[in-house]
Structures are given as structure tokens and as C-alpha cells.
Number of protein chains: 2
Amino acid sequence: MQEKIKVGIVGYGNLGKGVRLAIKQNPDLELVAVFTRRAANSINIEDEQVKVLHVDQAKDYVKEIDVMILCGGSATDLPQQGPHFAALFNTVDSFDTHAKIPEYYAAVHKAASEHNKTSAISIGWDPGLFSLTRMLAQAVLPEGKDYTFWGPGVSQGHSDAIRRIPGVKGGVQYTLPVSEVIQRIRQGETPELTTREKHLRDCYVVAEEGADKEQIAQSIKTMPNYFADYETKVTFITEQELREQHSRLPHGGFVLRSGKTGANKENSHIIEFSLKLASNPEFTASVLVAYARAVYRLNKEGQYGAKTVFDIPFGYLSPKSAAELRQELL
Amino acid sequence: MQEKIKVGIVGYGNLGKGVRLAIKQNPDLELVAVFTRRAANSINIEDEQVKVLHVDQAKDYVKEIDVMILCGGSATDLPQQGPHFAALFNTVDSFDTHAKIPEYYAAVHKAASEHNKTSAISIGWDPGLFSLTRMLAQAVLPEGKDYTFWGPGVSQGHSDAIRRIPGVKGGVQYTLPVSEVIQRIRQGETPELTTREKHLRDCYVVAEEGADKEQIAQSIKTMPNYFADYETKVTFITEQELREQHSRLPHGGFVLRSGKTGANKENSHIIEFSLKLASNPEFTASVLVAYARAVYRLNKEGQYGAKTVFDIPFGYLSPKSAAELRQELL
């Protein structure tokens, strides 16, 4: 029997929990330990084989863990943790601050290369699978235009913004793609669109008792940057409705490219990739776990340093051998 | 200025013509020569820089051509041409006889490896981009079910079958995916479906003068293997309508995977990739040309032998550098 790939998790929020569940769906992977900054005994994992340890103990596990999956946030956790862990372990992370990717890549690449480790950075669906589709579609149809739509899905930032309004007890914001616009693009049109022309904002809000709902709705709809420039809908609901109907974190989106070929550019082609996800963190976690397998293999082959989705052949993500893939999936 | 990648084409049917047009859309590539089994002077290419030569002359161009794109058919051309040219050039082909891929891979791999060449085999959209999606989706969502639908698009084999019926002057057959079934899968259902439950057959037929149309329609609808088990529609049209409205070769299709995650598999996810192509040969050609760029680079790096879409990182398909891709597309 083949040895299992031994995985560790750093950070046990929604994403870390999703990684733990995703590992169970992959028989060639095994979770060794979860590392947290919280008190280890505050986390209860029903799987008794899984150790819960303080993040400072991770360095004692360099021989027991093949790949460490970093589940911290991009704002403050990963800029520090990414390079730190890349010097000790093969890693996978979902760093998603687009503007800072080159800088982050450089830091992780240096740490990983110097210690013969392999790190897959910015893995997930956007950045990640959506980036792959944009790149592929541009390479195949160089004369064209592409579009990314997000949603329907919960935007954490916009939900937080709603909850900061006085008189608001709770709330959630869904970003919705404008389906009429997607239809036009599917028909071959290539309109110029801003993000706000492509998306609507749908808010579900619980008001404090006695609060002025009209005032709250007004405050949301006129909030600069977040809502003012969008078509925004506000619906008031009860606390129970919020809990029962809006506690999941669905998300998804669409990448479309419309391009032309032919002597007179007379032939139009549409490439479309879409995701409809009941749980954003669980799906993202599933992508991270597939890339953990890839990172393990790349490292075994001596391919060290930081890698992105653009650098890693798809075959490395699959538990199947290259010969099986050619026979069964090509 | 960077040197252009010099490309040759073997075989100048619809696919070869598409490759010539696609190369013009990629400024880093340059077409050197077209090789044909026909009399070279029977082919007229408006581009005067492009030589048209007999296929036997190809061996004299090993120093002038970086990548040879093989545009022959999978039934008889490629099994012979693939290994032959892989010993002389880096190659790209669209070999699509699924059952024979392992055997074809072995022959091309041997020839290419022995001569330090790199060959991308079975490139296009299916096999090709659809295979990539199936593999990726299975790796990310190991517990699930995937579906491939083809069309709307012209099936060459079924069109030929119609044209062989006595009394038929011309005709074309479109394969249509059953959109109600796609809708059910998008909603999270995972039905068991045969190919015939997923597709309809839509035929446009020109009858000879005086031919019995009812008899023709009956012959089509009851034809074993091709039509008998499908819902088949037959419409009679004029020769002019056939020429004016049915001379293009559109195609496309859908790959969907429905999968579940979560402690109790309570979260459903849908991954969908689709293509809507006005010209099947021109789009396939565009994919081949992007992979020609990849093959050239892999060879420069010393990565010899046969490769499939599973083996080649996406980044190699793009004219952009890895740093540009990270900055602009991740």
C-alpha cells in the first residue's frame, strides 16, 4: 500500500474546517494535526487521531508533515505565515489580495527555494480556477474580451458594512450577477462594463427593536464605495430568519470569453466557466487539498520554490497516474 | 526583438486552414510552410511568404521549423504521421480516437524521446479542454458525478450517414444537447443518463427531385446506431438553403460536475465548462496553436517526449511571462 500524504492545517476557521472535511474525501491524504493560535483545548475535533496544537509547536513536526495547508486570512495572517512556513514545510495557501501577489510570491519563493520546499500560493477559485480559465481563454482566443461575474454569493466585507450601521442587529449581503448581461455576452455581444454594471447587491437585515427601518435602508443604499453606485435591494427579516435561512456561505460566479477567428473575424466563440457553490469555504478547501497533492509530488521531483496555478500541470492534482488519466479521462 | 516561433502545417483541410488563420492572431508565431500530399500547386495561399510543399519535403525543413502542427485525421493519417514527424520535429496533433490514445501515446513518446523532441498529442477541445475540466472537477470534488454533453453542432459521421440514403442529394445533422437535462443537473440532480438521453438529432435534408420524402425521413429515423435510439427530427430544405444556412461547422458542448462536501454531504457544488463555437475547426486550430507555443518552450527546457493536456502547465500556453501572468491574470 502506498504511504499517505501527511497534511497539517494552520488556522481553524471556516476554511480550516473545510480542509479537514475535504481530506476525508481523499483516501491518499491523511490529516496529522491542526495548529491554532487559540488555546488548543478550545477546539474540539471529533476525529481523535487529529492532534490540536499551538501554532508554535508546528516546527517540531517538520518530519511528520508532508504539506502544511495555511488557512489564515490574506490581510494579516498570510503575509507573515506564508514565508515563515514555506521555510519549514511544503505549503498551500489561498492568498487573495490581488495587488500584493507579486510581493507575496517573491517572499514565499525565496523562503521555499532556500529550504528545498515547494509552495503553491493563491490557490482557490478566484484567484485560482477562475484565473486559469481567464488565462486559457486568452491564450486560445487572443482576439476577444473576457468577463468575470461573481455570485450569487455572500460578500463578507459588505455584510460587515451593513452590521456597522446604527440600529442594525444583524445582516448579510449577497452579490448577484446581472443575468441579462450574461445572456448578452453569451449571444456574442462584447459590451464595455464596469463591476457595478455587472452586479446587484441584495441585503437581508435584522433591525434592533424600535429602530427606523427606512433610515437604515437609506444608510445602506447611499453608503459610498459599498452600495451607492450599485442597484441595491434591502429586505428586513427576523433574527430567526437570518439564522435559519442565511447562515450558509454560498458563492460562485462566471468567467466568459468571447472571441473571434476567421479570415474576416466572422466566427464567434464563447468559452464559459462557472461555479455554483453551496459553501464557499468548503469548496475553496477542496481546491487547496487537491493542490496539496500536487505540491507533494512537485517537491518529490525537486521542483522547489513558489508555484501558482499557472505553473502546475493538472495531472498533478489527480490521485490517478498519468497512464490512467490518458486512458480514462482524455 | 524576440525570435518568432516557426511553425509548419502538415495537411491543409479545414483544420490546417484554421491553423494558418490562428497563427496570424499570435504575433510571436510565424507560419513557414504548409506540407500536403496533394500537388503543391493545387493549393493557393494568399500569403506569399508561406511555401506550399509536398509532404515528403518536410524532412528538409528540420532546421527551419520549430513546431510542426499535424492536421491530418485520426483514423489513418495520424497513426502513421504522428510517430514519423515526432522523430523529426516538435509536434502538436489532435488525435481523438479515445480508445487508441494509450497506444498512440506510446508510439509518439518513443519517437520523440529518442530524438529529443516534444510532442503534444490529443489537443483540442474534446479530447483537450473538456478532458482538463473533467479531470480538474474530479480532483476537486472527488464525491460527485460528471456529465459531458456535445452540441449544438454538426456531426460529420451522422451527416455522411444521411447522405448515403438513396434519394438524398445533400444533408447535415446537428447533435443537440437536451437542455432540460442540463437544467436538472445545474439544480443539483445527478441522474443516470445514457448518451441518447442527453442528445437529440436534428437533420436538414435535400431530397432528389421526385424522391419519396416520407420514405427518406423513415430511413433516417430507423437507422440503427446512428438515429434509431435517439429522438430525431428531419426537415427537408432546398439546396440553396443547405448552402446558405448550413455550410458552417458550429459545435460546442458542456462539461458539468455535481459534487458534495460537508460533514454530512449537505453542500452541493456545480462546476460547469461550456463552449459555443461558430467554427469547430477554427477553434480547434486555435487550441493547437496555443499548445505549439507550449511545446516549443518545453523542448527548450529539455522536457522531451509525448505530452497531453494533463502534463502541460497552463502558463506555457500564454505569450506572457510567469511574472506578467501573476500580476495581470491571477
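Just so we're clear, the structure is a prediction, and the values are computed from it rather than from any experiment. Throughout, a chain's letter reflects where its sequence line sits, starting with A, and its residues are numbered from 1. Heavy atoms only: backbone and side chains are in, while hydrogens, waters and symmetry mates are out.
Across all their heavy atoms, B:F314 and A:L136 have their closest contact at CE2-CB, 3.7 Å. The two residues A:M135 and B:L317 have their closest heavy-atom pair at CE-CB, 4.1 Å. Of all heavy-atom pairs between B:A139 and A:A290, the closest is O-CB, 3.9 Å. Pairing each heavy atom of B:L330 with each of A:D126, the nearest pair is O-OD1, 4.4 Å.
Along residues 18-28 of chain B, the residues that come nearer than 4.5 angstrom to chain A, judged on non-hydrogen atoms, are B:L21, B:Q25, B:N26 in order of number. At a heavy-atom cut-off of under 4.5 Å, chain B is reached by A:K276, A:L277, A:A278, A:S279, A:E282, A:F283, A:S286, A:V287 from residues 276-289 of chain A, listed in order of number.
Side-chain atoms of B:E272 and A:E272, non-hydrogen and from C-beta on, never get closer than 4.5 Å to each other.
At a 4.5 Å heavy-atom cutoff, the contact between B:Q187 and chain A is made by backbone and side-chain atoms alike. Looking at A:T308, only its side chain comes within 4.5 Å of chain B, counting heavy atoms on both sides. With a 4.5 Å cut-off on non-hydrogen atoms, B:K17 does not touch chain A at all. With a 4.5 Å cut-off on non-hydrogen atoms, A:L141 touches chain B through its side chain but not through its backbone. Both the backbone and the side chain of B:L325 come within contact range of chain A, each with at least one heavy atom under 4.5 Å from a heavy atom of that chain. Looking at B:L129, only its side chain comes within 4.5 Å of chain A, counting heavy atoms on both sides. For A:K307, no part lies near chain B; criterion is any non-hydrogen pair under 4.5 Å. Proximity to chain B (any heavy atom under 4.5 Å) is shown, for A:E266, by both the backbone and the side chain.
Annotation for B:K110: atom NZ does not count as buried by contact number, only 12 or fewer foreign heavy atoms lying within 6.0 Å. No more than 12 heavy atoms of other residues, nucleotides or ligands lie within 6.0 Å of CD in B:Q327, so this atom counts as exposed by the packing criterion. No more than 12 heavy-atom neighbours from other residues, nucleotides or ligands sit within 6.0 angstrom of NZ on B:K300. In B:K100, the NZ atom is not crowded: 12 or fewer heavy atoms of neighbouring residues, nucleotides or ligands sit closer than 6.0 Å.
Considering only heavy-atom pairs separated by less than 4.5 Å from chain A, the leading option among B:I121, B:I101, B:T133, B:V255 is B:I101. The greatest number of non-hydrogen atom pairs below 4.5 Å with chain B, out of A:G188, A:P142, A:A322, is found for A:P142. Heavy-atom pairs under 4.5 Å with chain B were tallied for A:R134, A:K320, A:R326; the largest tally goes to A:R326. Counting heavy-atom pairs closer than 4.5 Å to chain B, the top residue among A:P319, A:S131, A:A263 is A:S131. Contact count against chain B (heavy-atom pairs under 4.5 Å) is highest for A:E143 among A:E143, A:E328, A:R186. No other option in B:L256, B:I312, B:L132 has as many heavy-atom pairs under 4.5 Å with chain A as B:L132. Counting heavy-atom pairs closer than 4.5 Å to chain B, the top residue among A:S318, A:P313, A:A323 is A:P313.
Checking side-chain atoms of A:H269 against main-chain N and O of B:L275 turns up no donor-acceptor pair under 3.5 Å.
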With side-chain contact (heavy atoms from CB on, under 4.5 Å) as the criterion, how do B:F273 and A:I271 come out once you've worked through the C-alpha distance, each side chain's angles and the decisive distance to 0.1 Å?
CA-CA 8 Å; B:F273 181 76; A:I271 297 174; 3.7 Å; yes

